[in-house]
Novice: 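One structure, as structure tokens, below. Some questions next.
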Amino acid sequence: MKIDYTIDRQTLTLYPSNIEHILHDIGSIKQIIKNKKIKTVYLNLKNINSYDDFAASVVCYFHNKIKTFNISLELLSAPDDFKSLCDNIESLQITKDKEREKEQILVLIGKKTFEIIYKIINHIEYIGDLFVSLLTIIIKPKILRKKETIDLMNKVGVNAIPIVGLISFLMGLIMAFMSSIQLKQFGANIYVASLVGLAMARELGPIMTSIIVAGRSGSAFAAELGTMKISDEIDALTVMGFNINRFLVLPRLIATIIVLPILTVFSNLFANIGGLLVGVFMLNLTFPAYIHQLYVTLSAGDILHGIVKSAIFAFLIAEIGCFRGLTVKKTTDDVGKATTSAVVSGIFLIILTDSIIAVLLTYI
């Protein structure tokens, strides 16, 4: 090192004969600080002849470099006006750093805003192309890949029956049990059937079933198409002249729209079985009385309401899952992100759409 120094316990004192030597020896000084576990650095400037702006800038630069070690710097044998100059330069540097951070935040917000707008435009274009392809299939049904659609109906619908049935059964059981605690006090045990039947048919049945399908099938659509994208299969199909939406997306969309309303009916059935068990074994209701109350409460309109909503949710789940898969770039990391995004976006859209429908039906 060009700078003389002394070490006393965890204190390092530097004696530079030339202010420029500090710039040359920063690396060595940092190494000493690290190895000796220095807590305080004293910079003795008694040998410095010129206390000008350049010297103050070098001192501030040195201070910034050793800040990372969480140590303090003190100046010795320096005039008070020089110390004030160093403080002013450091304050100015801190202000500039804060302004730079603000600029970076604004730039980041701008970039994210444009990214979101770009994604929304792409999604709108995708949905438009999807409706055109769907209209083409309606006009020319033979174009639809029927075998692929039936296989997807089996994967999305039939394979989901056990998990949908189990969760719906437990939902009905829990709702009946919790409501019975209050209804018992008023001798209104029979209305457990009304509560479970109506809640499941209009709201919880479509929502719970759709969330399960979004987790199972929406993520699967994104992963399948994303994997095809990174393995260049989709590019190959495009080069061969295939319409990707018609060839890959529509079978998944149609299969989901067909089976999700059916799954919703199964969900209602299993939930009411759960409610029936609570009513018969805990509330001393008879089987005919429970079924009669359910028949009196539920109307065809209530069941149809849930089925129509589940068809809308099915469209959202399938289109968002396929869209996320098709937007995957060229890395396997993107497949995982697309899969997660498909599930989160699907569930969010399900809840948002259900809220909008509830508000509209209230005021219409």
Novice: Contact between Gln293 and Leu285 at the side-chain level, heavy atoms closer than 4.5 Å - yes or no?
Specialist: no
Novice: Is there a donor-acceptor pair under 3.5 Å between the side chain of Lys229 and the backbone N or O of Val335?
Specialist: no
Novice: Where the side chain of Lys309 meets the backbone of Arg202, is there a donor-acceptor pair that is under 3.5 Å apart?
Specialist: yes
Novice: Any chain of hydrophobic side-chain contacts (each under 4.5 Å) joining Met175 to Ile181?
Specialist: yes
Novice: To the closest 0.5 Å, what do you measure between CD1 (Ile317) and CZ (Arg216)?
Specialist: 11.5 Å
Novice: Going by heavy atoms in the side chains, are Thr113 and Ile117 under 4.5 Å from each other?
Specialist: yes
Novice: Decide yes or no for Ile150 and Asn154: does some side-chain heavy atom of the first lie under 4.5 Å from some side-chain heavy atom of the second?
Specialist: no
Novice: Can you list the residues that meet the side chain to side chain donor-acceptor pair (under 3.5 Å) rule with Ser299, with sequence neighbours excluded?
Specialist: Asp302
Novice: Tell me which pairs pass side chain to side chain donor-acceptor pair (under 3.5 Å) where either residue lies in residues 114-127, with sequence neighbours left out.
Specialist: His123-Glu319
Novice: Return yes when atom CZ of Phe247 has more than 12 non-hydrogen atoms of other residues, nucleotides or ligands closer than 6.0 Å, and no otherwise.
Specialist: yes
Novice: Of all heavy-atom pairs between Val192 and Ser179, which one has the smallest distance, and what is that distance?
Specialist: CG2-OG, 3.9 Å
Novice: For Lys329, I'd like to know if atom NZ has over 12 heavy atoms of other residues, nucleotides or ligands within 6.0 Å.
Specialist: no
Novice: What I'd like to find out is whether the side chain of Asn245 reaches to under 4.5 Å of the side chain of Leu250, using heavy atoms alone.
Specialist: no
Novice: First locate atom CG of Leu283, then atom CG of Leu276, and finally report the distance between them rounded to the nearest 0.5 Å.
Specialist: 10.5 Å
Novice: Looking only at atom types and distance, does a side-chain atom of Ser310 sit under 3.5 Å from a main-chain N or O of Ile307, one as donor and one as acceptor?
Specialist: yes
Novice: Specify the closest pair of heavy atoms between Ala338 and Arg324, including all atoms of both residues, with the distance to one decimal.
Specialist: CB-O, 3.4 Å
Novice: Could you walk me through whether Asp151 and Lys155 satisfy the salt bridge (charged side-chain N to carboxylate O under 4.0 Å, His left out) test, starting with their C-alpha distance in whole Å, then the side-chain angles of each, then the deciding distance to 0.1 Å, before giving a yes or no?
Specialist: CA-CA 6 Å; Asp151 288 342; Lys155 291 178 183 178; over 6 Å; no
Novice: Hey, could you give me the CD1/CG distance between Ile303 and Leu198, rounded to the nearest 0.5 Å?
Specialist: 10.5 Å
Novice: Does any part of the side chain of Thr209, heavy atoms only, come nearer than 4.5 Å to the side chain of Leu260, both counted from C-beta?
Specialist: yes
Novice: Show your reasoning for whether side-chain contact (heavy atoms from CB on, under 4.5 Å) applies to Ile254 and Ile137.
Specialist: CA-CA 10 Å; Ile254 292 171; Ile137 291 291; 4.3 Å; yes
Novice: Using a 4.5 Å cut-off on heavy atoms from C-beta on, say whether the side chain of Val213 contacts that of Val259.
Specialist: no
Novice: Which atoms form the tightest heavy-atom contact between Asn268 and Met200, and what is the distance?
Specialist: OD1-O, 3.0 Å
Novice: Hey, could you give me the CG/CD1 distance between Leu349 and Ile320, rounded to the nearest 0.5 Å?
Specialist: 5.5 Å
Novice: Under 4.5 Å between side-chain heavy atoms, counting indirect links through other Ile/Leu/Val/Met/Phe/Trp/Tyr residues: same cluster for Leu135 and Ile258 or not?
Specialist: no
Novice: Would you say Met208 ends up clustered with Val265 if hydrophobic residues are merged whenever their side chains have heavy atoms under 4.5 Å apart, either directly or through other cluster members?
Specialist: no
Novice: Applying the 4.5 Å side-chain criterion to the ILVMFWY set and letting contacts propagate, would Ile351 and Phe313 be lumped into a single cluster?
Specialist: yes
Novice: Taking Pro206's backbone N and O only, do any of them form a donor-acceptor pair with Ser210's side chain (distance below 3.5 Å, no angle check)?
Specialist: yes
Novice: Can you tell me how far apart CZ (Phe131) and CG (Leu134) are? Round to the nearest 0.5 Å.
Specialist: 7.0 Å
Novice: Just so I know, are the side chains of Phe323 and Ile127 near enough to count as touching, which here means a heavy-atom distance under 4.5 Å?
Specialist: no
Novice: Can you see which heavy atom on Ala193 is nearest to which on Leu294, and at what distance?
Specialist: O-CD1, 3.3 Å
Novice: What verdict does the side-chain contact (heavy atoms from CB on, under 4.5 Å) test give for Asn243 and Ser133, after you've listed the backbone C-alpha separation in whole Å, the side-chain angles of each residue and the deciding distance to 0.1 Å?
Specialist: CA-CA 9 Å; Asn243 184 303; Ser133 300; 3.9 Å; yes
Novice: Please tell me whether Ile116 and Leu352 are part of a single hydrophobic cluster in this structure, the criterion being side-chain heavy atoms less than 4.5 Å apart.
Specialist: no
Novice: Between Leu263 and Gly157, what is the shortest heavy-atom contact and its length?
Specialist: CD2-O, 3.5 Å
Novice: How many angstroms lie between atom CZ of Arg246 and atom CG of Asp129, to the nearest 0.5 angstrom?
Specialist: 8.5 Å
Novice: Evaluate side-chain contact (heavy atoms from CB on, under 4.5 Å) for Leu277 paired with Phe169, printing each intermediate quantity in order.
Specialist: CA-CA 10 Å; Leu277 290 179; Phe169 173 78; 3.5 Å; yes
Novice: Quick one: do Ile230 and Asp334 satisfy side-chain contact (heavy atoms from CB on, under 4.5 Å)? Show the steps, please.
Specialist: CA-CA 9 Å; Ile230 63 173; Asp334 290 333; 5.8 Å; no
Novice: Which heavy-atom pair separates Asn272 from Gly197 by the least distance, and what is that distance?
Specialist: OD1-CA, 3.4 Å
Novice: Between Asn284 and Asn189, is there a side-chain heavy-atom distance shorter than 4.5 Å?
Specialist: no
Novice: Which of parallel (below 30°), tilted (30 to 60°) and perpendicular (above 60°) describes Phe270 and Phe266?
Specialist: parallel
